[in-house]
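Order of the sequence lines fixes the chain letters, A, B, ..., with proteins taken first and strands second; residue numbering starts at 1 for each chain.
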Protein chains: 2
Amino acid sequence: MDGKIVNLKSKIEIYKAMTDGANFGDCPVRDVMQSINGKWSPLLVMALAEKPYRFGELRRLVPDISQRMLTQTLHELQRDGYVHREVFPTKPPSVEYSLTDLGRSMFSPLHQLVQWAERNHDAVRDARAAFDASSRA
Amino acid sequence: MDGKIVNLKSKIEIYKAMTDGANFGDCPVRDVMQSINGKWSPLLVMALAEKPYRFGELRRLVPDISQRMLTQTLHELQRDGYVHREVFPTKPPSVEYSLTDLGRSMFSPLHQLVQWAERNHDAVRDARAAFDASSRA
DNA sequence: AGCGCTGGTCTCTTTTTGAGACTGCCAACC
DNA sequence: GGTTGGCAGTCTCAAAAAGAGACCAGCGCT
């Protein structure tokens with residue numbers, strides 16, 4: 001069941017660059033990962049992958065995000081090129097957020113991770129319960 | 001170039017569960033994602049996917065993590081069942097951290113995301129530069 | 001006239017993170 | 001035999017990030 005992780009050496013080199021911060025001065029992978037890895041970023045990307053949403057729709061869709069963090073996360077996603085922001089000059093102006101091509105291309109790997117999480121959340125919950133039980137003992 | 005994301009409705013349902021916090025009371029995917037999504041968690045999982053490491057080795061491998069966060073993140077990863085912690089009662093006791101089967105099974109999707117980040121960091125950097133330039137204007 | 005909706009910003013408080021000193025034990029060095 | 005250093009952490013305090021919720025202007029509805 002182990003030994004399945006072979007041929008990683010080369011791939012690990014990627015993360016070595018993450019690791020060794022002072023390397024080239026830009027640490028690309030870690031930089032990009034940070035922007036994906038926010039608390040709300042993956043959730044918003046997943047939501048926008050379905051279809052474009054407006055600000056208030058997202059707010060209602062994700063009830064436990066604060067407006068502050070919604071604004072800020074969308075702004076970061078826009079800055080990094082994942083999300084397109086378009087203002088419609090309707091009577092009360094509305095703003096629509098949608099994924100760019102870059103954002104859509106990120107969706108597949110992100111989606112795989114989400115699927116993994118969905119398949120394995122029982123295992124994680126069990127591990128957590130077992131750990132807590134044994135540390136209380 | 002768009003319209004490539006089809007048939008997501010069902011998959012999005014997964015994240016809907018994330019979204020609608022008060023649904024079943026447990027929001028499984030979001031819960032698991034949070035534990036994967038920490039600032040240091042993916043980095044440590046990637047490192048440990050290569051081979052087991054000891055505390056101090058990880059510390060040197062990731063120079064810009066504080067001991068505090070290294071301890072804490074490893075503890076969380078252990079609690080959630082991704083990482084196994086083994087103490088060797090040598091003269092100065094040493095502690096080895098390694099991935100569990102669960103941790104190894106998470107490696108593949110995580111790795112794909114890291115690969116995506118590696119392939120697209122130029123695009124992200126460019127988008128960021130363009131955005132910053134246009135917002136300064 | 002008052003309410004609610006639009007997409008935000010501003011301020012205040014709480015939580016999380018980071019930096020770094022400190023622990024106890026033992027081994028090697030001078 | 002006193003100092004130094006590595007081991008795996010913990011503890012404290014300061015800085016950064018996140019959450020809660022008030023507030024803004026403008027328009028429509030009643």
Please report the C-alpha distance between B:Ser98 and B:Tyr53 in whole Å, then the side-chain angles of each, then the deciding distance to 0.1 Å, and finally whether the side-chain hydrogen bond (donor to acceptor under 3.5 Å, both in side chains) criterion is met.
CA-CA 7 Å; B:Ser98 55; B:Tyr53 279 107; over 6 Å; no
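Counting to the nearest Å, the C1' atom of C:dG7 and the CD atom of A:Glu86 are 16 Å from each other. Between the C1' atom of C:dT6 and the CD atom of A:Glu96 lies a distance of 15 Å, rounded to the nearest Å. Note: CD (A:Glu57) to P (C:dT6) measures 9 Å, nearest angstrom.
Atom CG of residue A:Leu58 and atom CG of residue A:Leu74 lie 6.0 Å apart, to the nearest 0.5 angstrom. Note that CE of A:Met33 and CZ of A:Arg30 are 11.0 Å apart. Values are rounded to the nearest 0.5 Å.
Contact annotation: A:Arg60 side-chain N/O to C:dT6 OP1/OP2 distance is under 4.0 Å. For B:Arg54, a side-chain nitrogen or oxygen approaches OP1 or OP2 of D:dA8 to under 4.0 Å.
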What does the B/S/- profile of nucleotides 10-30 of chain D look like, 5' to 3', with a 4.0 Å heavy-atom cutoff to protein?
BBB-----BBB----------
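Here A:Tyr97 lies in heavy-atom contact (under 4.0 Å) with sugar-phosphate atoms only.
Within a 6.0 Å radius of CZ in B:Arg79, other residues, nucleotides and ligands contribute more than 12 heavy atoms.
The cluster map of Ile, Leu, Val, Met, Phe, Trp and Tyr, joined by side-chain heavy atoms under 4.5 Å apart, puts B:Val95 and B:Val45 in the same cluster.
Considering every non-hydrogen atom in both A:Tyr97 and A:Leu48, the closest pair reads O-CD2, 3.4 Å.
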